[in-house]
Amino acid sequence: MKYEKDIEKLRSLYYDYRESYERLYEEFKSSRTKQEYCRGGEVLHRGYYCPSPVLDIVVGRGNRGRLVKHPRKKTLYDYTYYKNEDGRLLMAEKYDTFLPTASANSPPCSREFVIASGRTEIAPIYELNPIDGQINIASLSLCEFDEGGRLLSYSFLHMPTYLDSNNQLKTMEDCMQFYSEHFRYDSDGLLEESSLKDTFDKFTRICRFKFFHDPQGFLSSYLSGDEQGNYSPNIYQIPACKRRRI
């Protein structure tokens, strides 16, 4: 039932922000920001700063990409991140670096605004069409945190929106894609378990993961299970390059 509530909550927020691009972009331009660049991470939402702390671990070939320490001028990167003076992410731009025509002057293919409010973080993503100049919302994510700042849930909804022949916005709800993760922590504040739901068309996948840590508190291995929490006896070791303290 909690997943149905997640879908309804994100669908409502999606329509709330469907026509908010101009307002959000104007608000962003009035902020003082610093930039960071990411190479790779195209598969995951938001690349290096994907909200999920474990998606790149439990999903095969998941890669967050890497931040570029010394970015070069006239170089196109997969993501550009904009942070405020306190280091909080305000906006992420994604670029189609794989296109044969891609260059340092290429415009972003999408802009995502990260809006923090209390214990929630709402992030609508708008696609920028360089051919006809249309800018339409495509996706929206929602993160919810506890009072200590730990991530409790991360949900993502994708529904294409376009202008029809009558210049009216139309959202294709029948093409909805929904993804959600919920997290539970142990008495030491370390991630103990997560549940994952992925829905597209009529196919739904629900998984559970149980995590283990080394003496320093870094993720070291995990078990994979089904919706009822029946875990496989196979323990998956986490590569050293992906171990993190969560």
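As the structure is a computational prediction, the values presented were derived from the model and not from experiment. In this chain, numbering begins with 1 at the start of the sequence shown.
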Any chance you could pull the hydrophobic cluster mates of [X], using side-chain heavy atoms under 4.5 angstrom and chaining through other members?
{"X": "L89", "result": "Y48, Y49, L67, Y79, Y81, V114"}
{"X": "F212", "result": "L223, Y231, I235"}
{"X": "L163", "result": "L169"}
{"X": "Y77", "result": "Y37, V68"}

Can you check whether [Y]'s main-chain N or O pairs, donor with acceptor, with [X]'s side chain at less than 3.5 Å?
{"X": "D86", "Y": "R88", "value": "no"}
{"X": "D188", "Y": "L190", "value": "no"}
{"X": "Y14", "Y": "M159", "value": "yes"}
{"X": "R245", "Y": "F218", "value": "no"}
{"X": "R66", "Y": "G40", "value": "no"}
{"X": "K242", "Y": "D56", "value": "yes"}
{"X": "H213", "Y": "I246", "value": "yes"}
{"X": "S232", "Y": "N234", "value": "yes"}
{"X": "S12", "Y": "K9", "value": "no"}
{"X": "N63", "Y": "G65", "value": "yes"}

Next on the checklist: Quick check on side-chain hydrogen bond (donor to acceptor under 3.5 Å, both in side chains): which of R11, K197, H182 does D6 satisfy it with?
Outcome noted: H182
Please round to the nearest 0.5 Å and tell me the distance separating atom [atom1] of [X] and atom [atom2] of [Y].
{"X": "F183", "Y": "L191", "atom1": "CZ", "atom2": "CG", "result": "7.0 Å"}
{"X": "F211", "Y": "S194", "atom1": "CZ", "atom2": "OG", "result": "4.0 Å"}
{"X": "H158", "Y": "L140", "atom1": "NE2", "atom2": "CG", "result": "12.5 Å"}
{"X": "L196", "Y": "Y154", "atom1": "CG", "atom2": "OH", "result": "10.0 Å"}
{"X": "E193", "Y": "F209", "atom1": "CD", "atom2": "CZ", "result": "10.5 Å"}
{"X": "S141", "Y": "Y179", "atom1": "OG", "atom2": "OH", "result": "12.0 Å"}

Hey, quick one: are [X] and [Y] part of the same hydrophobic cluster, counting side-chain heavy atoms closer than 4.5 Å, chains of contacts allowed?
{"X": "Y95", "Y": "V43", "value": "no"}
{"X": "M176", "Y": "I122", "value": "yes"}
{"X": "L128", "Y": "L76", "value": "no"}
{"X": "F200", "Y": "F178", "value": "no"}
{"X": "V58", "Y": "Y185", "value": "yes"}

Can you name the nearest heavy-atom pair linking [X] to [Y], along with the distance?
{"X": "R64", "Y": "C38", "result": "O-SG, 3.9 Å"}
{"X": "I238", "Y": "S221", "result": "CD1-N, 3.7 Å"}
{"X": "D186", "Y": "E192", "result": "N-CB, 4.0 Å"}
{"X": "I206", "Y": "T204", "result": "CG1-CG2, 4.1 Å"}

Next on the checklist: Counting only heavy atoms not in K69 (residues, nucleotides, ligands), do more than 12 fall under 6.0 Å from its NZ?
Outcome noted: no
Are the side chains of [Y] and [X] in contact, using a 4.5 Å heavy-atom criterion?
{"X": "C109", "Y": "D96", "result": "yes"}
{"X": "F203", "Y": "D198", "result": "no"}
{"X": "Y162", "Y": "N129", "result": "no"}
{"X": "I115", "Y": "P124", "result": "yes"}

Checklist entry - Just checking, any donor-acceptor pair under 3.5 angstrom between side chains of N136 and Q134? => result yes
Checklist entry - Any luck finding a side-chain donor-acceptor pair between T161 and R18 under 3.5 Å? => result no
Next on the checklist: Among P51, C50, S52, which residue satisfies the side chain to side chain contact (heavy atoms under 4.5 Å, CB included) criterion with L44?
Outcome noted: C50
Checklist entry - Checking side chain to side chain contact (heavy atoms under 4.5 Å, CB included) for the pair F145/L151: CA distance, chi angles, key distance, verdict? => result CA-CA 4 Å; F145 304 86; L151 182 63; 3.8 Å; yes
Item to check | Sidechain N-carboxylate O distance under 4.0 Å for E26, R23 | outcome: no
Next on the checklist: Please evaluate residues V54 and L219 with respect to the criterion side chain to side chain contact (heavy atoms under 4.5 Å, CB included), reporting the C-alpha separation (whole Å), side-chain torsions for both, the decisive distance (0.1 Å), and the verdict.
Outcome noted: CA-CA 10 Å; V54 295; L219 290 175; 4.0 Å; yes
Next on the checklist: Quick one, R243 with S220, criterion side chain to side chain contact (heavy atoms under 4.5 Å, CB included). Give me CA distance, side-chain angles, the key distance, then yes/no.
Outcome noted: CA-CA 6 Å; R243 295 188 178 190; S220 58; 4.1 Å; yes
Item to check | Under the side-chain hydrogen bond (donor to acceptor under 3.5 Å, both in side chains) test, residues paired with T97 that sit two or more places apart | outcome: D78
Next on the checklist: Filter on side chain to side chain donor-acceptor pair (under 3.5 Å), then keep only pairs touching residues 98-121, sequence neighbours left out; what's left?
Outcome noted: Y21-R111, Y25-R111, H45-E112, R46-E112, E93-R111
Checklist entry - Are Y15 and L13 close enough, and set up right, to give a side chain to side chain contact (heavy atoms under 4.5 Å, CB included), and what steps lead you there? => result CA-CA 5 Å; Y15 281 100; L13 287 169; over 6 Å; no
